[in-house]
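Notes follow the structure.
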Amino acid sequence: MDPALAPIFARGVYFPENSVTVNNFRLVQCLAEDFIARGGRLLRERATDVVLGPQGPRELVTEQGRHSIDAIVVAAGAWSRDLARRLGHRVPLDTERGYHIMLPDPGVMPRMPVHIGDHGFVATPLEHGLRFAGTVELGGLQAPPNWERANVLLRHGRSVFPGLREDGADRWMGFRPSFPDSLPVISGSPRTANAYFAFGHGHLGLSFAAITGKIVADLASGRSSGFDLAPYRIDRW
Ligand SMILES: Cc1cc2nc3c(=O)[nH]c(=O)nc-3n(C[C@H](O)[C@H](O)[C@H](O)COP(=O)(O)OP(=O)(O)OC[C@H]3O[C@@H](n4cnc5c(N)ncnc54)[C@H](O)[C@@H]3O)c2cc1C
């Protein structure tokens, strides 16, 4: 089925309806461009605090200044905990760090993403190369990356893809925002009007980004999303 794979597998499971993006960074860039084209304004500033008034959030304080606001969505991934606390909510958010190795000119390409169960990583054919991604490291937000974890992915990749070319290999570490119950927070604030939360999607934040955005838009507009959102409340602990 996939001639790129070494003949070392006794069996596999085929998921024909699995979806994949060919370039996750470009996807996010295109979404940002679309947001701007529709009149959105993108500011690259680190938010540090929220000033509350009687109607809810009034000002967003950033390292660059202050912005007048009438609503806020906290969607800062693994860094959301402090901003949630400023709005009165303590959440047990942690990070499951993961690694990837990108090979821009791998010489071999699988036909579709392949999850190598024995070694717990995924090989994904992208428009700019072959990506091996996986591993879970409970290392918090501050510790430096342990690049040996990315090198391990490459070692396993060699055993799966004979003839792999490794020139220009690029290593990366990312922070999966995760809760102990493996569910995200998608919620309005029970304490503050016009404050919303969307974070903690763990291993599936890209997959669930679009539906999360739609649900948050429904919440902020007072529309029903049609889902029971109780499992995702910010005050469930
Ligand atoms: C190795 C690896 C492989 C993965 N593979 C997949 C996969 O195949 N499919 C899938 O669905 N998911 C996958 N994920 C998970 C996915 O990457 C995350 O779930 C997703 O990125 C979380 O999205 P987010 O928007 O909540 O957070 P992020 O993507 O982390 O975005 C948060 C943003 O908030 C910004 N920010 C933080 N603090 C502040 C602040 N104070 N002020 C302003 N901005 C701030 C950050 O700079 C960042 O841009 C993978 C993760 C890793 C590490």
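Atom set for the values below is all heavy atoms of this structure, side chains included, hydrogens, waters and symmetry mates excluded. In each ligand, atom 1 is the first atom listed, and ligand 1 is the first ligand listed.
Under the 4.0 Å distance rule, the nearest protein heavy atom to atom 47 (O) of ligand 1 falls outside the cut-off. In this structure, atom 42 (N) of ligand 1 has protein heavy atoms in its sub-4.0 angstrom surroundings. Inside a 4.0 Å radius of atom 34 (O) of ligand 1 there is at least one protein heavy atom. For atom 27 (O) of ligand 1, the nearest protein heavy atom is under 4.0 Å away.
Electrostatic pairing of E96 and R176 does not count as a salt bridge here, judged by no charged N lying under 4.0 Å from a carboxylate O. With respect to R111 and D2, no salt bridge is recorded, no charged nitrogen being found less than 4.0 Å from a carboxylate O. Using a 4.0 Å cut-off between charged side-chain N and carboxylate O, R38 and D34 make a salt bridge. Between R66 and E45, no side-chain nitrogen of the basic residue sits less than 4.0 Å from a carboxylate oxygen of the acidic one, so the salt-bridge criterion is not met. Under a 4.0 Å N-O distance rule, the pair D167/R165 does not qualify as a salt bridge.
Of the listed options S80, P177, A209, P184, P177 places a heavy atom closest to atom 22 (C) of ligand 1. The residue from E137, H115, R131 that puts a heavy atom closest to atom 3 (C) of ligand 1 is R131. Distances from atom 25 (O) of ligand 1 to the heavy atoms of G98, A150, A75, P113 show the closest one on A75.
In this structure, atom 23 (O) of ligand 1 lies nearest to the protein heavy atom G205 CA, 4.6 Å. Protein heavy atom at the shortest distance from atom 1 (C) of ligand 1 is Y99 O, 3.5 Å. Closest to atom 24 (P) of ligand 1, if we only count protein heavy atoms, is G77 CA, 4.1 Å. In terms of protein heavy-atom proximity, atom 50 (C) of ligand 1 is closest to R176 NE, 4.0 Å. Looking at atom 36 (N) of ligand 1, its nearest protein heavy atom turns out to be A76 CB, 3.9 Å. For atom 30 (O) of ligand 1, the nearest protein heavy atom (residue, atom name, distance) is W79 CZ3, 3.6 Å.
Distances between N or O atoms of F199 and those of ligand 1 include no value under 3.5 Å. Residue contacts with ligand 1: A47 is placed with a nitrogen or oxygen under 3.5 Å of a nitrogen or oxygen of the ligand (distance criterion only). The N/O atoms of G134, backbone and side chain alike, include none that comes under 3.5 Å of an N/O atom in ligand 1. Between H203 and ligand 1, a contact under 3.5 Å exists for at least one N or O pair.
Residue contact annotation: W172 has a non-hydrogen atom under 4.0 Å from ligand 1. Within the structure, ligand 1 has R46 among the residues with a heavy atom less than 4.0 angstrom away.
When each atom of ligand 1 is checked for a heavy atom of S207 under 4.0 Å away, the hits are 9 (N), 10 (C), 11 (O). Short contacts between ligand 1 and L206, defined as distances under 4.0 Å to a heavy atom of the residue, involve ligand atoms 10 (C), 11 (O), 12 (N). Per-residue contacts place E45 under 4.0 angstrom from the following atoms of ligand 1 (heavy atoms of the residue considered): 42 (N), 43 (C). Shown in contact with G202 at under 4.0 Å from a heavy atom are these atoms of ligand 1, numbered in order with element: 15 (C), 18 (C), 19 (O). Interface atoms of ligand 1 facing L204, defined by a heavy-atom separation under 4.0 Å, are 10 (C), 11 (O), 12 (N). Interface atoms of ligand 1 facing G174, defined by a heavy-atom separation under 4.0 Å, are 53 (C).
Side chain of S159 to main chain of H156: a donor-acceptor pair is present (N/O by atom type, distance under 3.5 Å, no hydrogens or angles). For the pair T192 (side chain) and A195 (backbone), a donor-acceptor distance under 3.5 Å is absent. Between the R97 side chain and the G140 main chain, a donor and an acceptor come within less than 3.5 Å of each other.
Here the NE2 atom belonging to H115 is positioned 11.0 Å from the CG atom belonging to N18, to the nearest 0.5 angstrom.
Relative orientation of the F208 and H201 rings is tilted, given thresholds of 30° and 60° on the angle between their planes.
Between L93 and the choices P184, S178, S80, the side chain to side chain contact (heavy atoms under 4.5 Å, CB included) rule is met once, by S80. Each of V160, I116, L103 was checked for a side chain to side chain contact (heavy atoms under 4.5 Å, CB included) with F132, and the lone residue meeting it is L103.
In this structure, R236 satisfies the cation-pi test against F179, with its NZ or CZ atom closer than 6.0 Å to the six-membered ring centre and inside 45 degrees of the ring normal.
The number of heavy atoms from other shown groups lying within 6.0 Å of CZ (F175) is above 12.
Closest heavy-atom contact between N194 and D70: CB-O, 3.4 Å.
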